[in-house]
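Structure, as structure tokens:
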Amino acid sequence: MLHMAEGFDFAAIEGKWQSRWEREGLYRTPDSSDKPKYYAMEMLPYPSGDLHVGHAKNYTLGDAVARMLRMLGYNVLHPMGWDAFGLPAENAAIAHGVDPAAWTAENILNMRRQIKLMGTGYDWSREIATNEPEYYRWNQWLFLRLYEHGLAYKREAPVNWCPFDQTVLANEQVIDGRCWRCENLVERRLLSQWFLRITAYADRLLDDLDKLTGWPERTRTMQRNWIGRSEGVEFAFPVDGLDAKVAVFTTRIDTLFGATFLAVAPEHPVVESLLRAVPRDRAAAIASFAESLKSKSELERTSLMEKQGVFTGAYAINPLSHERIPIWITNYVLAEYGGGAVMGVPAHDERDLDFARKHGLPIVQVVVPSREPSPEPLERAFVEDGRLIASEDFSGMSSRRARESLAQRLAGMGAGAQSVNYKLRDWLISRQRYWGTPIPIVYCVGCGEVPVPDDQLPVLLPPRSRVEEFLQTTCPRCGGPARRESDTMDTFFESSWYYLRYLDPHNDRAPWAVERARHWMNVDQYIGGSEHTVLHLLYSRFFYKFFHDRGWVSGSDEPFQNLFHQGMVLRDGDKMSKSRGNVVGIDETAERSGIDAMRLFLLYVTPPEETSNWTDDGITGRVRLLNRVWRACEPYFDRCHPEPLDSAQDKLRGAHGAESKDEKTLIRAVNAAAKSAVDETISRRFHYNTTIAKLDELVNAMTAGAAAMPDSPAMRYAVEKLPILIAPFAPHIAEELWERSGHTTSVHLERYVEPDEAALAAEEITLVVQVNGKVRARIAAPAGVTENQALALALDDSNVRIHLGGKEIRKHIYVQDKLLNLVAA
RNA sequence: GGGCAAGUGGCGGAACUGGCAGACGCGCUGGACUUAGAAUCCAGUGGGGCGACCCGUCAGAGUUCGAGUCUCUGCUUGCCCACCA
């Protein structure tokens, strides 16, 4: 009687290998090695509580990539950590009366367990958590260096205020005028806040996008648009009868003679002097208009409201035409861009036209399309370039030339200059929240704003009940009474440099050692969601350039060489969310289907950049695959003895002529899977869905071969190679099969199967014969068949002859080993 | 409104550089095995036609010996940005 198969007990196998890997430190990465380095990283998670299969897609992909590269001979660094400061912890603390630190610690404990449960190969000796003093101490240290270099500063500015989260938000955190986290409409407030001068790096952040050829084009374009560089002219309109000037920025100085009004934001400083100069009732109207807009966000002012305005009663003087144009205060001019004032040219700007029509302001056309000699009454603003009219001695010029000439003229008069403006604004990092890195600044009655000296770092976050005593301190400079900064930092501060801390996580003298950065940076492959395109990824680039300028990192001044955005995971077409109750958890999936099956499914269901759809049916195919893999290898458990891999391969290669067709198919299937895995990795396309399909084909071939040629060397070859081939994707079963077939070391330390071109090459090809582009015959032919031989074969085919119908072959196209097209007439 | 990406069987997808459309899987149908089911294995599965064949990759045009792939026009869906002067 056959001894009963034990079967494939995935739960037992997965648990067994996870604890053995951990015990043996299999995934520890040495800092020095003979092998070339490779730094693979996924965006670190926020410890929100539980992981679902959406997270798993990200970490599975990163893990497969890291494992592939390790098996291709690299010394791979693959770390993991926790982005642990932030609002959810604080909100949970308020809601349930727990300590945010305890809440966070508990979540980290659970999520670390789940990430390990996913069979990932992280080097946990490098784990970081950004809420630990050992980490945020260096946040403070880096803040102080930015401060020293004038890149961190405090100023009063209109800021985005989220009334629900009770804190300010960075510009990048306002999505459609709403808080990125709670989706409430943000308000505008005038507050004194800390900013990082990211605009000082605007040009480099923009220009260096060209260097990032390993990034998705889409992401680069979005960053380009976010930085929003525009070139133009800044010049001033004197105010008639007042000793005041209003500076404006325009990209269309060629339309200067068409300016019929001046529009200013209610916050513009000139408004105050105007208020003093105009009659009392008009001043009151202006003041109440300004007041009505005070707390309105940019979105509300510009998108949700109609264009409104009040005439100030004052006039500005066009510096070239000397025309008097009325000054209006409007809601549609942004206070924070281009100086908060705009020259209104209704004929050549849609917004100005809209405003002019509503308020009866004149419309003067000064640019006409080149081919139309006389201006027609305008229906829409003519916003393209053209030829100037009614513009004194600039008339007749092209827009382009006029822009140069006008800029020169204004510059010559000392009235203006070429200028560049950015949409990018300085990064507001103050948060009026408890659970974050304290900003290391104290305010002293005598000395004013004083940075905390390095040797007093970290400024420890106090327990929540002790905040008041924390705030009272003494001045580090004069020893007098002082008060600490009560704001904490935006959590994006921590995540802008964490990839450097992984390199040297226990260093207590510096955030990282320069030589570690020299060795490991930059990150060879970064994987994460596209939602961070203008947040984390832009901030990190800014920080890294600052570090580079300080000499703390060397080589490239870009942190992330290659970037990959994985798509999200839906459940039956819907977004997974707790409120829908459709979240597919890691624990339940591990229990029901097994981790290897989950990993295979996530990589197989879609190319990784696409949105994938989780269905409970879908994963059954991968469970089946694993069972078939097991059954295909099981009969050989006691018969496969470890021997040098090359010899088996050489034996087969030498015996090519003697192999049966089935054997060749099997050997080809092994090599086709290997080729796919290697190609998808080095091309960084990561379409492992096609690789896993090749593994399906291999197992199909093995199943078919099991009966026909159980003792063939080709079967043994396949059984020997299959665990290696599947190891990056299904690491547990790979390890178990490897052990069962007599190996004593980990399969994950093996070199990946090197695709053998000779084994891949087909000896016989199918020659497709077309007549006038339609397939009329498929003829088996030896590989390397010549054009003349192919022609002869084709003309010998009866169906081809029928379709030629005795017509003359005018020409033919031959594609080697593939296709012959006969063109007949 | 602007920008970008994508539309292929009942479903997810494959075909990367123009050369056999639908690999692989899910589902479905039939068969084997089973008292029965589950599991497994085998066969089939784009549409039409008895058939040789014909039609077929969102729609329409074009380039080409040959188009899912390239060009143009339109439609649909998704994502991002939306008064930045």
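No experiment lies behind these values; they were computed from the predicted model shown.
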Using atom [atom1] of each nucleotide, how far apart are [N] and [M] to the nearest Å?
N: rG68(B); M: rG74(B); atom1: P; result: 23 Å
N: rC11(B); M: rG46(B); atom1: P; result: 13 Å
N: rG18(B); M: rC33(B); atom1: C1'; result: 49 Å
N: rC24(B); M: rA14(B); atom1: P; result: 14 Å
N: rG3(B); M: rU8(B); atom1: C1'; result: 26 Å
N: rC72(B); M: rU17(B); atom1: C1'; result: 23 Å
N: rC16(B); M: rU69(B); atom1: P; result: 13 Å
N: rG62(B); M: rC50(B); atom1: C1'; result: 39 Å

Need the pair for [N]. Rule: Watson-Crick or G-U wobble, both distances under 3.5 Å, any strand; none if unpaired.
N: rG19(B); result: rC65(B)
N: rC81(B); result: rG1(B)
N: rU76(B); result: rA6(B)
N: rC50(B); result: none
N: rG12(B); result: rC24(B)
N: rC33(B); result: none
N: rA39(B); result: none

Taking [atom1] from [X] and [atom2] from [N], how many angstroms apart are they, rounded to a whole number?
X: Glu531(A); N: rC79(B); atom1: CD; atom2: P; value: 14 Å
X: Asp352(A); N: rA85(B); atom1: CG; atom2: C1'; value: 7 Å
X: Glu610(A); N: rU77(B); atom1: CD; atom2: C1'; value: 13 Å
X: Arg301(A); N: rA85(B); atom1: CZ; atom2: C1'; value: 16 Å
X: Met568(A); N: rA5(B); atom1: CE; atom2: P; value: 19 Å
X: Leu209(A); N: rC4(B); atom1: CG; atom2: C1'; value: 16 Å
X: His532(A); N: rC79(B); atom1: NE2; atom2: C1'; value: 16 Å
X: His565(A); N: rA5(B); atom1: NE2; atom2: C1'; value: 13 Å

Check: Between Thr221(A) and Asn331(A), which has a closest nucleotide on RNA chain B that is more 5'?
Finding: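 With Thr221(A) and Asn331(A) compared, the 5'-side residue is Thr221(A).
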Checklist line | Of Asn627(A) and Arg810(A), the one whose closest RNA chain B nucleotide lies more 5' | finding: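 This one resolves to Asn627(A).
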Less than 3.5 Å apart, which donor and acceptor atoms pair up between the side chains of residues 812-820 of chain A and the rest of the protein, not counting sequence neighbours?
{"from": "His812(A)", "atom 1": "NE2", "to": "Glu787(A)", "atom 2": "OE2", "distance (Å)": "2.9"}
{"from": "Tyr814(A)", "atom 1": "OH", "to": "Val785(A)", "atom 2": "O", "distance (Å)": "2.7"}
{"from": "Tyr814(A)", "atom 1": "OH", "to": "Asp817(A)", "atom 2": "N", "distance (Å)": "3.4"}
{"from": "Gln816(A)", "atom 1": "NE2", "to": "Val785(A)", "atom 2": "O", "distance (Å)": "2.9"}
{"from": "Asp817(A)", "atom 1": "OD1", "to": "Gly784(A)", "atom 2": "N", "distance (Å)": "2.8"}
{"from": "Asp817(A)", "atom 1": "OD2", "to": "Gly784(A)", "atom 2": "N", "distance (Å)": "3.3"}

Check: Within a reach of under 6.0 Å around NZ of Lys358(A), are more than 12 heavy atoms found that belong to other residues, nucleotides or ligands?
Finding: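 Result for NZ/Lys358(A): enclosed.
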Check: Would you say Lys675(A) has more than 12 foreign heavy atoms packed within less than 6.0 Å of its NZ?
Finding: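 Check fails, neighbour count at 12 or below.
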Between [N] and [X], is there an OP1 or OP2 to side-chain N/O distance shorter than 4.0 Å?
X: Tyr332(A); N: rA85(B); answer: no
X: Asn799(A); N: rC53(B); answer: yes
X: Arg224(A); N: rG3(B); answer: no

Margin query: Just to be sure I understand the rule, does Arg776(A) reach a base, reach only the sugar-phosphate, or reach nothing, if contact means heavy atoms closer than 4.0 Å?
Written below: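 Sugar-phosphate, no base atom in range.
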Margin query: By the 4.0 Å heavy-atom rule, please label Ser230(A) as base, sugar-phosphate, or nothing.
Written below: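 Sugar-phosphate only.
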Next item on the list: Return the orientation label for the Phe355(A) and Phe261(A) ring planes: parallel under 30°, perpendicular over 60°, tilted otherwise.
Entry: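 Phe355(A) and Phe261(A): tilted rings.
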Do [X] and [Y] sit within salt-bridge range, that is, some charged N less than 4.0 Å from a carboxylate O?
X: Asp352(A); Y: Lys307(A); value: no
X: Arg631(A); Y: Glu634(A); value: no
X: Asp797(A); Y: Arg776(A); value: no

Closest approach of [X] to [Y] (non-hydrogen atoms, all atoms of both residues):
X: Ser399(A); Y: Asp254(A); answer: OG-OD2, 3.1 Å
X: Leu563(A); Y: Pro216(A); answer: O-CD, 3.5 Å
X: Val420(A); Y: Glu231(A); answer: CG2-CG, 4.0 Å

Note to self: Side chain of Arg218(A) only, heavy atoms from C-beta on: which candidate in rC65(B), rG13(B), rC80(B) is closest?
What the structure shows: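 Closest of the options to the side chain of Arg218(A): rC80(B).
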Next item on the list: Scan nucleotides 16-28 of chain B nucleotide by nucleotide, 5' to 3', and note B when protein non-hydrogen atoms come under 4.0 Å of the base, S if they reach only the sugar-phosphate, - if neither.
Entry: S--BB--BBBSS-
Check: Which way is the base of rG9(B) turned, syn or anti, if we draw the line at 90° from 0?
Finding: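 That one's syn.
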Next item on the list: Could you verify whether a donor N or O on one side chain and an acceptor N or O on the other, from Asn562(A) and Arg684(A), lie under 3.5 Å apart?
Entry: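 Side chains of Asn562(A) and Arg684(A): pair found under 3.5 Å.
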Check: Going by number, which of residues 247-259 of chain A have a non-hydrogen atom under 4.0 Å from RNA chain B?
Finding: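 Residues of residues 247-259 of chain A under 4.0 Å from RNA chain B: Phe249(A), Thr250(A), Thr251(A).
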Notebook entry, point to check: Arg188(A) pairs by salt bridge (charged side-chain N to carboxylate O under 4.0 Å, His left out) with which of Glu300(A), Glu267(A), Glu336(A)?
Noted result: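 Only one of Glu300(A), Glu267(A), Glu336(A) forms a salt bridge (charged side-chain N to carboxylate O under 4.0 Å, His left out) with Arg188(A), namely Glu267(A).
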